[in-house]
Amino acid sequence: MASLARARAVFHRIHHNKLFETFVIAVILLSAVLVGVRTYDVEPDFLPFINALDYGVTLFFLVELAIRMASAGRVRHFFRHGWNVFDFVVVVVSLVPAEWAGTALVARLLRVFRILRLVSFIPELRMLVNALIQSLPRLFYVVVMMFVIFYIYAAIGSLLFAGINDAMWGNLFRAMLTLFRIATFEDWADLMYETQEVYPLSWIYYVTFIFLAAFVFLNMVIGIILDVMQREHEKIDRETAMADGQEPVQQEAPPAADKDDLAALHARLERIERLLESREGERR
């Protein structure tokens, strides 16, 4: 048991070593470069070297994953964290040989996701992903409201402009695709000028839709994500302070006033009231 504890301590130091973490990030970037290189026409003489690097990266990922699992002690402790499960799945699926005829495309596609391991190693990226995931429930209602606005404007646009441009406004589905194009500011002015030839006031339709879709709802989404990100920052700061053995920083409460201060304040208020009453009496 003592030898196992010492081995676990060694693996734990390796896992949390900054130099080791930096090297892991470098290998992840190397794996991303290898995936990008395979998209070009590589000289046949370089293919064995690229394949050897790919095998080396996969082997290193296995060793690194084994070190992390050993540092956790028990396997179930390792799989308690979602990011560990994500890393395990990415490493395991990357073991599929890329040279198999039936799975070559699938294997290469799976290797693309190895760059996502950067998220599990860089705290700032983890914070961004966690904030995005936690903001999804609140964003759901914004998306529902956006769909309602899109539906209303698509129905109006289909009724008014179908005779002008059937390809853009012929039915509800085409109108919604056109509105999505307008929301991304893709040549929306051409569509407006086209409909203005028949309906001169149609600019109101486009301006109000862009105001709602591109400004109001976009700012709502940004506000929700920023609020969740701020909470994630505060959570990370608290966890860091607790890990360092420090108490979380809290704002000091203002000192309570004692009885003497309250009595003096009450007497001063009474003097001010008497002075105001006397002056009011003199005016009368």
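Along the sequence shown, the residues carry numbers beginning at 1.
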Quick one: pull up CG in Leu34 and OG1 in Thr58 and give me the separation to the nearest 0.5 Å. 9.0 Å
Quick check: is Val198 connected to Leu159 through a chain of hydrophobic side chains (ILVMFWY, heavy atoms under 4.5 Å apart)? no
Are more than 12 heavy atoms, taken from residues, nucleotides or ligands other than Phe140, located less than 6.0 Å from that residue's CZ atom? no
Stepwise, does the side-chain contact (heavy atoms from CB on, under 4.5 Å) test hold for Asp54 with Ile50? CA-CA 6 Å; Asp54 188 72; Ile50 295 175; 5.6 Å; no
Is it true that Ile210 and Val148 fall in one hydrophobic cluster, defined by side-chain heavy atoms closer than 4.5 Å? yes
With hydrophobic residues grouped by side-chain heavy-atom distances under 4.5 Å, do Met220 and Phe211 end up in a single group? yes
Flag for Tyr205-Thr195: side-chain donor and acceptor within less than 3.5 Å: no
As an exercise, state the distance from CD1 of Ile222 to CE of Met229, rounded to the nearest 0.5 Å. 11.5 Å
Rounded to the nearest 0.5 Å, what separation is found between the CG atom of Leu191 and the CG atom of Leu179? 9.5 Å
Partner of Ile164 by side-chain contact (heavy atoms from CB on, under 4.5 Å), out of Glu197, Glu194, Gln196: Glu194
Can you name the nearest heavy-atom pair linking Glu186 to Arg181, along with the distance? O-NE, 2.9 Å
Compare every heavy atom of Val27 with every heavy atom of Phe60, then report the nearest pair and how far apart it is. CD2-CG1, 3.6 Å
Give the minimum heavy-atom separation between Tyr199 and Leu160, together with the two atoms involved. CE1-O, 3.3 Å
Measuring only between side-chain heavy atoms, which start at C-beta, is Leu65 closer than 4.5 Å to Phe78? yes
Assign the ring pair Phe88 / Phe79 to parallel, tilted or perpendicular, where the plane angle (0 to 90°) is split at 30° and 60°. perpendicular
Distance, nearest 0.5 Å, that separates CG of Asp187 from OG1 of Thr178: 12.0 Å
So Ile67 and Phe20, side-chain contact (heavy atoms from CB on, under 4.5 Å) or not? Walk me through it. CA-CA 11 Å; Ile67 291 174; Phe20 180 74; 4.2 Å; yes
Over all heavy atoms of both residues, which pair between Leu172 and Ser158 is shortest? Give the atoms and the distance, please. N-OG, 4.2 Å
May I ask whether Phe215 and Phe180 are part of the same hydrophobic cluster, defined by side-chain heavy atoms of I, L, V, M, F, W, Y residues being less than 4.5 angstrom apart, directly or through others? yes
Run the side-chain contact (heavy atoms from CB on, under 4.5 Å) check on Asp87 and Arg68 step by step: do they pass? CA-CA 10 Å; Asp87 287 340; Arg68 291 171 58 187; 2.7 Å; yes
Hydrophobic clusters here meaning ILVMFWY residues chained together by side-chain heavy-atom distances under 4.5 Å, can you tell me if Phe173 and Trp169 are in one? no
Per ring pair (Phe, Tyr, Trp, His ring centres under 6.0 Å), Phe209 is matched among Tyr151, Trp203, Tyr153 by Tyr153
Can you see which heavy atom on Ala183 is nearest to which on Ala214, and at what distance? O-CB, 4.3 Å
Test item: Asn51 side-chain N/O and Leu47 main-chain N/O as donor-acceptor pair under 3.5 Å: yes
Could you give the distance from CE (Met168) to CD1 (Ile182), rounded to the nearest 0.5 Å? 9.0 Å
Do Leu29 and Val33 pass the side-chain contact (heavy atoms from CB on, under 4.5 Å) test, and can you show the C-alpha distance, the side-chain angles, and the key distance before you say yes or no? CA-CA 6 Å; Leu29 294 176; Val33 172; 5.5 Å; no
Gap separating the CZ atom of Phe23 from the CG atom of Leu30, nearest 0.5 angstrom: 9.0 Å
What one should report as the nearest heavy-atom pair of Ala167 and Arg174 is O-CD, 3.7 Å
Is the shortest heavy-atom distance from the side chain of Ser202 to the side chain of Phe161 under 4.5 Å? yes
